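As structure tokens, the structure follows; a few thoughts come after it.
Everything quoted here is computed from the prediction, not taken from an experiment. Nothing fancy with the numbering, it's 1 onward along the sequence.
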Amino acid sequence: MRFSDETAKRPREYAPYRTSLDEQDLRLAEEELHENEDTREASMAQLREFIAKHPQIVRCRTDPVFMLRFLRYRKFNVTEACATLEGGLAFLMRMRKLYGAEVDTFHPNVLRMLDLDAIVPLGFDRKRRMAVLIRVGAMDPKQTTALLQMRLGALVINTCLEYERTQVHGSVWIVDCSGMTMAHVGMWSLSEVKMMADSINEVVTLFVKEVHMVRVPRITWMLLDVLLPLLSPKIRDRFKFHRSHDELCSSVDTSILPTIYGGEQSLRDASDNFRAMFDKQRPWFKLEEQFSMDLSIPAPGSRTTERNGFCGEESMVGSFRKLTVD
């Protein structure tokens with residue numbers, strides 16, 4: 001594989017930041033995320049330094065949009081942003097070890113899932129949040145797996161996170177449970193449910209503002225009763241349940257809702273727009289296939305690491321509490 005300098009942990013030079021946000025977006029970022037020109041540049045420098053000095057990280061993106069994904073999610077707490085980045089890379093390495101090429105963005109089975117229109121970003125609502133629709137009934141339990149569903153979800157989330165507005169304003173999720181059967185529930189093992197909850201709580205760097213569950217059959221509660229207690233209280237409290245599409249329309253922005261739900265755009269248009277978004281981001285996904293972390297090297301802060309002189313008594317993340325950037 002030919003490696004790109006854009007995934008070098010110490011590139012020859014770092015890409016400069018050029019915002020795609022307007023004044024309203026930047027104002028919200030400052031008010032709610034503690035972001036301004038000073039905190040942005042200093043924090044990106046510290047996060048890049050963390051990547052450069054981390055003994056396990058081999059290759060990782062260091063461009064501004066990727067760096068800001070973690071900094072904004074952690075409201076510019078650099079220590080927490082470092083921990084989230086480190087945990088996300090380690091999670092990806094474990095997934096590759098367990099499942100191999102099946103977790104690759106461009107694996108045929110993952111790309112085939114795109115044709116189902118099972119998870120479709122609908123665009124930005126009036127509050128500038130990215131709305132995402134999940135159609136459970138569109139997924140045939142005989143043709144898909146829990147892993148593929150999680151991988152499709154990750155593909156959608158990563159596509160949306162390449163847009164800075166999504167990083168700042170977050171997302172709204174609409175989960176249509178129509179057509180959900182025992183076979184849909186049965187494909188999820190307890191370990192896979194826990195894996196999904198862990199990734200939502202610790203790995204996914206996307207603000208979840210609301211989750212709207214629509215037409216939830218009793219069988220779905222077999223899954224929800226396991227999943228919901230594993231989610232953070234903040235996310236769990238954002239779940240709302242609707243018995244019908246009419247109830248849904250009273251709670252979400254109908255301008256982005258598909259016409260089959262009583263909204264104003266066709267599902268086909270939304271799907272085509274998502275395909276265009278995904279195609280635009282293909283180069284970044286190709287770069288992310290180069291991400292590498294050598295987990296055979298002792299983790300920073302472990303006893304073996306301390307003997308080798310990497311971090312002394314502190315973890316790699318903890319040491320960044322004292323980092324000063326000129």
Transitive ILVMFWY side-chain link V58 to M93, under 4.5 Å: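 No; M93 is not reachable from V58 via cluster members.
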Verify, without hydrogens or angle tests, whether [X] (side chain) and [Y] (backbone) share a donor-acceptor contact under 3.5 angstrom.
| X | Y | result |
| --- | --- | --- |
| R151 | V103 | yes |
| D176 | R135 | no |
| Q290 | E6 | no |
| T159 | L155 | yes |

Ion pair check, D22 and R128, cut-off under 4.0 Å: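 Yes, D22 and R128 are salt-bridged.
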salt_bridge(R275, D115) N-O dist < 4.0 Å: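 A salt bridge is present here (some side-chain N lies under 4.0 Å from a carboxylate O).
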H245 to I260 - nearest heavy-atom pair and separation: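 Closest pair (atom of H245, atom of I260, distance): ND1-O, 3.7 Å.
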Closest non-hydrogen atom pair between A146 and E192, with its separation: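 Residues A146 and E192, closest heavy atoms: CB-OE1, 3.5 Å.
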Between F50 and F70, ring centroids under 6.0 Å: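 No, the ring of F50 stays outside the 6.0 Å limit from the ring of F70, centre to centre.
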Parallel, tilted or perpendicular, as decided by the 30° and 60° cut-offs, for the rings of H242 and H212: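 H212 vs H242 ring planes: parallel.
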Exceeds 12 heavy-atom contacts within 6.0 angstrom, atom CD of E37: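 No, the 6.0 Å shell around CD holds no more than 12 heavy atoms from other groups.
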The single option from W284, F291, F285, Y17 passing ring pair (Phe, Tyr, Trp, His ring centres under 6.0 Å) against F66: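 Exactly one pass, corresponding to F291.
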